[in-house]
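Data block below; observations after.
Numbers here are sequence positions counted from 1.
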Amino acid sequence: SAARSIPTQWMCYSWMNAAKAVVLFCRVMPRLPREVENSEGLTWRLGLWSMELNIAHLYSPVMLSNLLLITPMLYSIFMFRVSRCTFGSSFKRVTVDLILHYDMLWHVLFDMVDQVDMFGQSRLAEAFDKSAVVEHQRTLVAIQSVIPICLFISMVLQSQVVPGVSVDLWKIPKTWPPLDADNVGNDEHDEEAEKQVSRKMTSASGRSSSSGCSNSSHARHSQRRQHRQKQTQQQQQQQ
């Protein structure tokens, strides 16, 4: 189902995206042209509307930043799909689990937008004069060396932000035999049930722990027997 497959798919995507982000930050983003030269493009005209497509404008830092915003959109789609599978028909209701689910969605989206904004630090030298770049060259190099590491670690950790569904099959031991309608209020049946319970408890636990558990179980069963006797006496008095 989607509740189990989507977390695995997102984990694989996050690992590949983390490695790709380091390459984009170190090799691609700094080499993109800052200004695009005037060149002829393709123009489509439909009535009063016209659209011009220039391939040269696609190789720009702005276009790369816009393409990186696809990851938050993909994460939002995954989270909405998982919410439908996890919460079922109650995904439209206000519950604590659903509030935490969408709270994590918004926090992770803001983190992803901050990661995209950090790609602009690969061209940090363009925001200063040449004299300031020469003076603080070591600081700029240190900043641009630490940011790829932070991007990789944060994107790897984001592989765990899609919740999944796990089912635990608990094996509950049978400590009390089912009562038939004919045996309700039968003292002999109650005594036999108490013996079975005490045998199971003594065989499962040690001597020290079984003594206290058996005493508490006998006390509970005696209380039940007294309650049943009272009910039978009240019924007889009413008759």
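- Between the CZ atom of F25 and the CG atom of L64 there is a distance of 11.5 Å, given to the nearest 0.5 Å.
- Here the side chain of H136 pairs no donor or acceptor atom with the backbone of A132 at under 3.5 angstrom.
- Side-chain polar atoms of S159 and Y13 form no donor-acceptor pair below 3.5 angstrom.
- Between the CG atom in L109 and the OG atom in S76 there is a gap of 4.0 Å [rounded to 0.5 Å].
- Here F110 contributes atom CZ and L105 contributes atom CG; the two are 9.5 Å apart, rounded to the nearest 0.5 Å.
- Considering only heavy atoms from C-beta on, N17 comes within 4.5 Å of T71 through its side chain.
- Proximity of a side-chain donor or acceptor of Q158 to a complementary backbone N or O of S14 within less than 3.5 Å is not detected.
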*CA sep, side-chain torsions, deciding dist, call: V22, L151, side chain to side chain contact (heavy atoms under 4.5 Å, CB included)*: CA-CA 7 Å; V22 176; L151 285 174; 5.6 Å; no
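- Using a 4.5 Å cut-off on side-chain heavy atoms (C-beta onward), R123 and L32 make contact.
- In this structure, S5 OG and R81 CZ are separated by 8.0 Å, a value rounded to the nearest 0.5 Å.
- Partners of Y75 by ring pair (Phe, Tyr, Trp, His ring centres under 6.0 Å), not counting sequence neighbours, listed by chain and number: W10.
- Side-chain atoms of S154 and Q115 form a donor-acceptor pair, as typed in the model, at a separation below 3.5 Å.
- Listed here is the closest heavy atom pair of C26 and P148: SG-CG, 3.8 Å.
- When the side chains of ILVMFWY residues are joined at heavy-atom separations under 4.5 Å, either directly or via intervening members, V162 and M11 end up in two distinct hydrophobic clusters.
- Residue E126 qualifies as enclosed at atom CD: its count of foreign heavy atoms under 6.0 Å is above 12.
- In this structure the side chain of Q121 never reaches within 4.5 angstrom of the side chain of Q144, judged on heavy atoms.
- A single hydrophobic cluster is not seen to contain both I77 and L69; linkage of ILVMFWY side chains at heavy-atom distances under 4.5 Å, directly or through other members, places them apart.
- The environment of M73 atom CE is sparse: at most 12 non-hydrogen atoms of other residues, nucleotides or ligands sit within 6.0 angstrom.
- Atom CG of L140 sits about 10.5 Å away from atom CD of E135, to the nearest 0.5 Å.
- With ring centers used as reference points, F80 lies under 6.0 Å from Y102.
- Considering only heavy atoms from C-beta on, V116 comes within 4.5 Å of S65 through its side chain.
- Both L98 and F78 belong to a common hydrophobic cluster when Ile, Leu, Val, Met, Phe, Trp and Tyr are linked at side-chain heavy-atom distances under 4.5 angstrom.
- In terms of modelled atom types and a separation under 3.5 Å, the side chain of H101 and the main chain of T86 share no donor-acceptor contact.
- Hydrophobic clustering (ILVMFWY, side-chain heavy atoms < 4.5 Å, transitive): L124 and V133 are in one cluster.
- Side-chain atoms of L24 and K20, non-hydrogen and from C-beta on, do get closer than 4.5 Å to each other.
- Atom CD1 of I143 and atom OG of S122 lie 12.5 Å apart (nearest 0.5 Å).
- Annotation for M79 and V161: closest pair SD-O, 3.9 Å, computed over non-hydrogen atoms.
- Criterion: ILVMFWY side-chain heavy atoms under 4.5 Å apart, direct or through other members. Under it, L157 and M104 are not part of a common hydrophobic cluster.
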